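We count ligands from 1, going down the list as the structure has it; atoms in each ligand are counted the same way. No experiment lies behind these values; they were computed from the predicted model shown. The basis for the numbers below is simple: all heavy atoms, side chains too, and nothing from hydrogens, waters or symmetry mates.
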Amino acid sequence: MTDLGFVHRYIPSPSDSPLTLLLLHGTGGNESDLLNLGRELSPEAALLSPRGRVLENGMPRFFRRLAEGVFDIEDLTGQTHALARFVGDASRTYGLRPEKVVAVGYSNGANIAGSMLILHPGALAGAILFRPMVPFLPDKLPDLARKPILVLAGSRDAVVPRDETERLASLLKRAGADVTLRWATATHAIADGEVEAGRGWLAAKFPS
Ligand code: MLT
């Protein structure tokens, strides 16, 4: 398989659905990690799943960090541009509809999805963000005009404090996005009921 700049897996839609889920794993994950999650979120969508290109003690990530929750912004922006290019190249290679690409990110993957929403707002139709943080504060708000974004947060998350989640939701709302913030009684790990909630949200916002 051509790697298009990122090692990745691509699973076509079983039913010619126009929707593609861009699956972005967490620290230490890989391109296979979120395929089941993607299928649970949508039985019909095509799945495009890249592996983060940065290694932290052997663990793949989508960008470098200086410490837990402290991001290397230069690397983050460079990797975000590369990921946006990958989505464009993959759309041409696999015949995907670029205006129907919805990101599904977990943790580090949710953070680069947030960065893509800020730096390349046209590259995503929407996003499901499991346990995201504020990737960085932009000088100028992007135009996310009614873009559907689901933020799934855990009230017992030791990695992402509650006010961080609230700051991100507020930033996305101020940029014009159609934000749904859902709290689960959960840690940083995805908990029961959240995938089902994501599936319902996706079917409502992106009906086939
Ligand atoms: C990050 O580095 O993106 C966040 O701290 C989440 C993580 O990967 O632990």
Side-chain angles (χ1 to χ4, degrees), residues 5-9 21-38 41 48-84 86-87 102-121 123-124 126-138 142 149-172 175 177 179 181-191 194-195 198:
F6 282 78
V7 174
H8 66 279
R9 291 186 65 184
L21 300 184
L22 173 68
L23 304 174
L24 302 167
H25 62 78
T27 300
N30 64 37
E31 67 279 15
S32 299
D33 262 22
L34 299 190
L35 294 174
N36 287 343
L37 171 67
L41 288 169
L48 178 62
S49 187
R51 185 196 304 171
R53 304 191 303 180
V54 164
L55 284 180
E56 183 185 88
N57 302 322
M59 295 186 296
R61 285 176 51 85
F62 283 95
F63 57 89
R64 287 184 210 293
R65 63 180 162 185
L66 308 174
E68 172 90 40
V70 183
F71 302 151
D72 177 335
I73 303 301
E74 198 181 324
D75 189 62
L76 170 57
T77 52
Q79 294 292 344
T80 304
H81 295 318
L83 186 61
F86 164 77
V87 172
V102 174
V104 175
Y106 168 66
S107 189
N108 180 244
N111 295 339
I112 197 158
S115 179
M116 254 179 103
L117 288 164
I118 293 171
L119 293 175
H120 292 274
L124 295 173
I128 299 181
L129 306 176
F130 288 92
R131 311 295 187 268
M133 303 171 90
V134 177
F136 63 94
L137 284 176
I149 298 173
L150 174 61
V151 174
L152 292 155
S155 59
R156 296 182 184 156
D157 189 340
V159 178
V160 186
R162 175 176 275 269
D163 67 329
E164 174 90 19
T165 304
E166 280 161 1
R167 280 195 308 126
L168 176 68
S170 146
L171 175 89
L172 296 171
V179 179
L181 171 56
R182 182 184 190 276
W183 286 96
T185 307
T187 64
H188 200 60
I190 299 175
E194 292 191 277
V195 178

Report the residues that fulfil side chain to side chain contact (heavy atoms under 4.5 Å, CB included) with S155, sequence neighbours left out, ordered by chain and then residue number.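 Applying side chain to side chain contact (heavy atoms under 4.5 Å, CB included) to S155 gives R162, W183, T185.
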Would you call the rings of H81 and H120 parallel, tilted or perpendicular if under 30° counts as parallel and over 60° as perpendicular?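 Ring orientation of H81 relative to H120: perpendicular.
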Is the F62 ring parallel, tilted or perpendicular to the H25 ring (thresholds 30°, 60°)?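 Aromatic pair F62/H25 classed tilted.
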Could you give the N/O to N/O pairs under 3.5 Å linking ligand 1 and the protein, each with its distance?
{"residue": "ligand 1", "atom": "2 (O)", "partner": "R61", "partner atom": "NH1", "Å": "2.8"}
{"residue": "ligand 1", "atom": "2 (O)", "partner": "R61", "partner atom": "NH2", "Å": "3.0"}
{"residue": "ligand 1", "atom": "2 (O)", "partner": "R65", "partner atom": "NH1", "Å": "3.1"}
{"residue": "ligand 1", "atom": "3 (O)", "partner": "N108", "partner atom": "ND2", "Å": "2.9"}
{"residue": "ligand 1", "atom": "3 (O)", "partner": "N111", "partner atom": "ND2", "Å": "2.8"}
{"residue": "ligand 1", "atom": "5 (O)", "partner": "R65", "partner atom": "NH1", "Å": "3.4"}
{"residue": "ligand 1", "atom": "8 (O)", "partner": "T27", "partner atom": "OG1", "Å": "2.6"}
{"residue": "ligand 1", "atom": "8 (O)", "partner": "R61", "partner atom": "NH1", "Å": "3.3"}
{"residue": "ligand 1", "atom": "9 (O)", "partner": "R65", "partner atom": "NH1", "Å": "3.3"}

For S107, give me all partners under side-chain hydrogen bond (donor to acceptor under 3.5 Å, both in side chains), at least two apart in sequence or on another chain.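 Here the qualifying residues are H188.
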Tell me, which pairs form a side-chain hydrogen bond (donor to acceptor under 3.5 Å, both in side chains) where one or both residues lie in residues 63-77, sequence neighbours left out?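 The answer is E56-R65.
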When rounded to the nearest 0.5 angstrom, what is the spacing between OG1 in T27 and CZ in R61?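 It comes to 4.0 Å.
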